[in-house]
Amino acid sequence: MKAVVLVLLFVAALCLATFAETQQQSDVVVLTEANFDEHIANGVWMIEFYAPWCGHCKRLTPIWDEFATSAKGKINVGKVDCTVEKGLQSRFEVRGYPTIKLFTDGEVRDYRSARTVDAFTEFASNGYKSTEGKKY
């Protein structure tokens with residue numbers, strides 16, 4: 001009987017540890033139609049427009065999280081779930097996933113480069129200045 005209880009306790013502890021690991025906090029800001037304009041009003045924002053079922057989006061998630069952590073305090077990093085936030089998807093003409101856009105100074109710019117932390121950082125720091133912005 002004691003062995004069964006110990007095994008059950010071990011399995012429960014293992015499940016809790018696994019759950020806690022998958023629920024880690026992220027520095028990526030979840031943006032919705034209710035908070036989008038307020039958040040992007042200040043600073044530089046790199047935003048991923050995604051769908052939870054998208055394989056490319058799933059592969060980008062750990063890179064996007066790492067980018068958000070490394071950019072914290074300099075570049076704001078957010079994400080919009082387009083399966084929920086259809087108004088934002090339409091407003092910013094998102095037609096594929098993931099779509100990444102930079103928002104700053106009342107303008108939006110499309111990101112069309114490598115999907116790496118270094119490339120995101122370079123674009124958000126200075127690279128966007130060589131691309132054409134569009135008022136939003």
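We count residues from 1, following the sequence as given. Worth saying up front: this structure is predicted, and the values here are computed from it rather than measured.
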If Ile, Leu, Val, Met, Phe, Trp and Tyr residues are connected whenever their side-chain heavy atoms lie under 4.5 Å apart, and connections chain through other members, are [X] and [Y] in the same group?
| X | Y | answer |
| --- | --- | --- |
| Y50 | V117 | no |
| F123 | V108 | no |
| V29 | I100 | no |

On a heavy-atom basis, which atom in [X] and which in [Y] lie closest, and how many Å separate them?
| X | Y | value |
| --- | --- | --- |
| D81 | P52 | OD1-CD, 3.3 Å |
| A119 | Y111 | CB-OH, 3.2 Å |
| V28 | W64 | CG2-CD1, 3.7 Å |

_I'd like to check the side-chain contact (heavy atoms from CB on, under 4.5 Å) partners of A51; sequence neighbours left out, ordered by chain and number._
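So A51 forms a side-chain contact (heavy atoms from CB on, under 4.5 Å) with W53, C54, T83, Y97.
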
_For S125, all residues meeting side-chain contact (heavy atoms from CB on, under 4.5 Å), sequence neighbours excluded_ =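 In terms of side-chain contact (heavy atoms from CB on, under 4.5 Å), with neighbours along the sequence ignored, S125 is linked to I75, T121.
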
Say you draw a straight line from [atom1] of [X] to [atom2] of [Y]; how long is it, rounded to the nearest 0.5 Å?
| X | Y | atom1 | atom2 | value |
| --- | --- | --- | --- | --- |
| L88 | E93 | CG | CD | 13.0 Å |
| N42 | T104 | CG | OG1 | 9.5 Å |
| D118 | S113 | CG | OG | 11.0 Å |
| D65 | D27 | CG | CG | 8.0 Å |
| E66 | S26 | CD | OG | 11.5 Å |
| M46 | F67 | CE | CZ | 4.5 Å |

Answer whether the closest heavy-atom distance between the side chains of [X] and [Y] falls below 4.5 Å.
| X | Y | value |
| --- | --- | --- |
| V80 | Q89 | no |
| R115 | P98 | yes |
| V77 | W45 | no |
| I47 | F92 | no |
| E48 | L60 | yes |

Sequence neighbours excluded and cut-off under 3.5 Å, please list the side-chain donor-acceptor pairs for residues 127-136, or say none.
unit_1 : atom_1 : unit_2 : atom_2 : d
S130   : OG     : G127   : O      : 2.9
T131   : OG1    : R109   : NE     : 3.4
T131   : OG1    : Y128   : O      : 2.7

Output yes when a side-chain donor or acceptor of [X] lies under 3.5 Å from a complementary backbone atom of [Y], and no otherwise.
| X | Y | value |
| --- | --- | --- |
| D110 | K101 | no |
| T99 | G96 | yes |
| E85 | E33 | yes |

*Using 30° and 60° as the class limits, which term best fits the ring planes of F36 and F49: parallel, tilted or perpendicular?*
tilted

